[in-house]
Amino acid sequence: MDSQTDEAYALRAQDDDKEAFGVLVDRYEAKLLRYGRKFLSTRQDIEDLVQDVFVNAYRNLRSFDNSQKFSPWIYRIAHNAFIDALRKNTRNPLISIDFDTFLSYPIQDESIEKEREQKEMKVMIDKGLDKISSKHKEILILYYLEELSYKEIADVLRVPLGTVSARVKRGRDELKKIYETMNIQYGE
Amino acid sequence: MENNKPEGKNLKDRVLESIEENKIHVHSRAHFVGRVVLLVLVALLALTVSVLIFSFILFSIRISGYDSLLGFGHRGLLSFLRFFPWPLLLLDIGLLIVLERMLRQFRFGYRKSVLYLFLVLLVASISIGFVVDRGTGINERMLRRADRHELPRPFGNFYQGARHKLPPGSGICRCTITAINGNILDAQDIDSEKPAPLKITLSEDDAILNSLKVGDRVFVFGEAGSGTIKAIGIKPFPGERFLPSTSR
């Protein structure tokens with residue numbers, strides 16, 4: 001049963017196959033909990049939200065287009081849930097404007113960077129550097145930890161591909177600077 | 001949904017239990033199709049209103065003769081900018097921003113930068129507005145109906161306002177030539193309710209003097225004096241046929 005793709009299970013779940021949906025929960029529970037850990041600090045809050053994410057996913061399952069990948073779809077639901085929770089927790093829940101979506105940016109070649117830096121960046125992000133800005137933190141998590149492609153991240157965040165590329169680069173640069181100020185050699 | 005956490009139940013069990021107990025209302029595919037259809041309809045409505053507003057802006061500039069100001073140097077340009085219907089343009093831009101936000105719900109929308117999508121919508125709206133104005137004659141028909149008081153009040157006033165009653169001392173005149181004395185024209189201001197004779201002075205070597213004749217309607221821009229205009233530019237008045245029938 002496990003050899004089937006997420007999309008195949010989603011298709012079966014759309015036909016009221018609850019077991020199939022259970023497989024999707026199994027596959028994504030740990031990933032979404034890890035993703036949520038970067039937004040919120042309390043374990044119980046994260047678990048509650050991830051549970052809500054799965055409930056929302058099931059409720060809206062028939063909006064999933066099986067010709068697309070399942071992963072960005074559920075990460076999109078999770079992203080919205082975590083952002084909403086963050087906004088509720090802040091004192092000034094202002095509407096944020098993504099100015100970097102206003103212009104087009106060149107798209108850097110993913111494959112070269114990813115292979116070379118994957119392991120290094122995973123270690124750095126996993127060390128839990130909270131000094132990095134939340135916008136860059138999220139994109140680094142999606143790209144290096146969750147290993148989504150630029151296209152998939154664009155679908156999660158609903159931004160242009162060039163913006164994803166620019167944010168990954170800026171996030172990486174910001175992380176390097178933080179390491180430098182902490183006198184840690186990048187890659188240690 | 002309340003997150004009850006009975007002892008020993010993991011997250012997956014809690015989710016599946018909620019599903020089994022029918023606590024989760026599952027939206028049908030028709031629900032999502034309906035949402036998309038509604039979004040598309042609202043977007044089309046916003047685009048249509050935007051096109052009609054741009055069409056009206058272009059129409060009002062045309063029938064008022066204000067587009068002639070663009071050919072009268074930098075002073076003409078400044079006047080054009082002064083009399084341009086900015087509130088309508090701002091309203092239209094606001095509408096396009098709302099439309100853009102709607103289109104970003106779709107992949108083709110959010111995959112493009114905000115500026116790019118906005119410019120595409122702006123160009124499309126202006127272009128279609130131009131075609132609607134010049135190609136369909138809808139604005140002209142609406143203006144004629146407004147003159148006959150056949151349009152509901154706000155729309156009737158709106159269309160009649162497209163002629164842009166000129167403020168006094170603006171240096172702009174939509175006039176009928178009553179006499180030509182060398183480089184000085186005697187003219188009658190079309191916009192005045194009472195006859196308002198005007199003396200328009202052109203430069204002596206202005207080539208248009210050769211083509212003007214008594215009875216011609218002209219659009220004049222220049223320095224206003226008391227009953228006089230020292231013309232910076234003069235053109236045949238293109239909006240003549242859009243005057244109220246009493247002025248013809």
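The sequence lines fix the lettering, A, B, ..., with proteins before strands; numbering per chain opens at 1. The figures that follow rest on heavy atoms only: side chains count, while hydrogens, waters and symmetry mates do not.
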Got a second to check how far A:Ile46's CD1 is from B:Leu11's CG, nearest 0.5 Å?
12.0 Å
For chain B, which of A:Pro160, A:Ser104, A:Ala154, A:Gly162 has the most heavy-atom pairs under 4.5 Å?
A:Pro160
So with a 6.0 Å cut-off around OH of B:Tyr116, is the heavy-atom count from everything else above 12?
no
To the nearest 0.5 Å, atom CZ of A:Phe54 lies from atom CD1 of B:Ile24 at 12.0 Å
Is it the case that more than 12 heavy atoms not belonging to B:Phe32 sit under 6.0 Å from its CZ atom?
yes
The interface call for B:Lys112 against chain A, heavy-atom contacts under 4.5 Å, is backbone
Between CZ on residue A:Arg59 and NE2 on residue B:His27, distance to nearest 0.5 Å
6.0 Å
Should the heavy atoms of other residues, nucleotides or ligands under 6.0 Å from CZ of B:Arg75 be counted, would the total exceed 12?
no
Starting at CD1 of B:Ile19, measure out to NZ of A:Lys18 and round the result to the nearest 0.5 Å.
7.5 Å
Heavy-atom contact with chain A under 4.5 Å, split by part of B:Arg107
side chain
Using non-hydrogen atoms and a 4.5 Å limit, figure out which bit of B:Tyr110 sits close to chain A: side chain, backbone, both or neither.
both
Find the one option among A:Asn60, A:Val25, A:Thr163, A:Leu103 whose heavy-atom pairs under 4.5 Å with chain B are most numerous.
A:Asn60
Can you check whether B:Val15 reaches A:Phe21 side chain to side chain, under 4.5 Å on heavy atoms?
yes
Which atoms form the tightest heavy-atom contact between B:Arg104 and A:Arg158, and what is the distance?
O-CD, 4.2 Å
I want to check something: taking the side chain as every heavy atom from C-beta on, are B:Arg111 and A:Asp155 in contact at a cut-off of under 4.5 Å?
yes
Tell me, do B:Arg29 and A:Gln14 make a side-chain contact under 4.5 Å, heavy atoms counted?
yes
